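As structure tokens, the structure follows; a few thoughts come after it.
No experiment lies behind these values; they were computed from the predicted model shown.
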Amino acid sequence: MRTAVAGAAAAAALAAGCGSGSGGSGNTGSPAASGTGSPVSASAAAASAAADNGVAGQSADQVLQRAVQALKDAGAVRAAGTVGSEGGQITMDLRLDTTGDCTGTLSQGGVGSFQVVKSGQQLWVKPDQEFWQTHGGPAMAQLVGDRYLKTTSDNPDFGEIGSLCDLTALADQLGTGKSGLAKGGEENVQGRPALTLTNTSSTGTGTLYVATTGEPVPLKLAKDTGAVEFSDFGTPVPSATPGPDQSLDLDQLQQPSSSTSVV
């Protein structure tokens with residue numbers, strides 16, 4: 001079904017914008033996840049009182065590599081904030097882990113939003129009504145209703161979402177292509193002291209905030225067009241997935257016999 005495929009491709013494009021942004025986008029002037037309403041966790045408060053982890057005395061490259069490893073060692077994280085893309089500002093709130101599972105939301109002004117759930121190779125995407133109005137039309141919105149579209153991460157239309165859910169890939173992205181890093185002073189992020197690492201390139205200035213107490217995890221990524229904060233380190237991604245009564249199989253919607261009912 002062409003409308004279903006168009007909606008899938010648009011969802012993937014939205015996810016791609018978030019993926020590129022989370023590799024270093026952010027606004028150094030304001031909190032990244034101020035719109036998410038997430039409180040500072042008890043573990044974060046404990047970490048802020050923990051012993052100094054020594055990053056302040058290391059080179060910028062050493063601090064970066066420790067931050068990358070700490071993010072992988074956490075196993076799971078919450079990434080929330082706003083990033084820039086060619087299509088405009090994208091807001092994200094995702095929980096993801098090193099096995100590639102994730103759950104959360106992605107949205108863009110004027111385009112709409114969608115919920116995403118990934119468990120193993122299985123992938124569910126649930127666009128809102130605004131999203132269908134711009135990418136699927138009223139017939140598609142009526143057919144899907146308040147349900148998820150079910151597919152797999154092997155579906156080329158959703159490849160970007162699969163990549164976005166992989167914490168290991170995200171950590172590796174943070175650790176590459178960051179030549180010319182400069183260490184800055186300390187700032188407070190989520191109630192924790194953090195050392196700044198700044199990189200300036202032709203695409204702008206990006207800043208990574210690395211915790212100086214407890215594990216040297218990255219707490220924030222910032223650039224000129226938005227910011228993303230990391231929190232809830234080690235908290236497992238929720239394991240619940242949509243049931244058969246809550247989803248429609250995207251492959252079935254693309255069968256020729258189905259197209260006449262919605263086009």
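Put simply, CZ on Phe131 and CD on Gln108 are 9.5 Å apart, with the number rounded to the nearest 0.5 Å. Taking CG from Leu71 and CG from Leu219, the interatomic distance works out to 10.5 Å, rounded to the nearest 0.5 Å. In this structure, the separation between CG on Leu123 and CG on Asn155 is 8.0 Å, given to the nearest 0.5 Å. For the atom pair Ser107 OG and Phe114 CZ, the distance stands at 9.5 Å (nearest 0.5 Å). Distance CG/Leu174 to CG/Leu221: 5.5 Å, rounded to 0.5 Å. Distance check, rounded to the nearest 0.5 Å: CH2 of Trp124 to NZ of Lys118 gives 10.0 Å.
Between Tyr209 and Leu195 the shortest side-chain heavy-atom distance does not fall below 4.5 Å. Contact check for Leu197 versus Val63: side-chain heavy atoms found under the 4.5 Å cut-off.
Between the side chains of Ser153 and Gln121, at least one donor-acceptor pair of N or O atoms lies under 3.5 Å. With 3.5 Å as the limit, one finds no donor-acceptor pair spanning the side chains of Glu215 and Asn53. Between the side chains of Gln62 and Ser59, at least one donor N or O lies within less than 3.5 Å of an accepting N or O. Side chains of Asp128 and Ser113: a donor-acceptor N/O pair is present below 3.5 angstrom, by distance only.
In terms of modelled atom types and a separation under 3.5 Å, the side chain of Arg95 and the main chain of Val77 share no donor-acceptor contact. Counting only distance, with no hydrogens or angles, the side chain of Gln69 and the backbone of Arg66 share no donor-acceptor pair below 3.5 Å. Under a 3.5 Å cut-off, the side chain of Asp232 and the backbone N or O of Thr235 do not form any donor-acceptor pair. Put simply, the side chain of Lys220 never gets that close to the backbone of Phe230: no donor and acceptor are under 3.5 Å apart. The backbone N or O of Pro193 sits less than 3.5 Å from a side-chain atom of Thr212, completing a donor-acceptor pair.
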Acceptor/donor pairs from residues 98-106 side chains to any protein atom, 3.5 angstrom cut, sequence neighbours excluded:
from	atom 1	to	atom 2	distance (Å)
Thr99	OG1	Asp97	OD1	2.7
Thr99	OG1	Asp97	OD2	3.3
Asp101	OD1	Gly120	N	2.8

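Residues Arg147 and Asp245 are not paired through a salt bridge, judged by the lack of any N-O separation under 4.0 Å between the basic side chain and the carboxylate.
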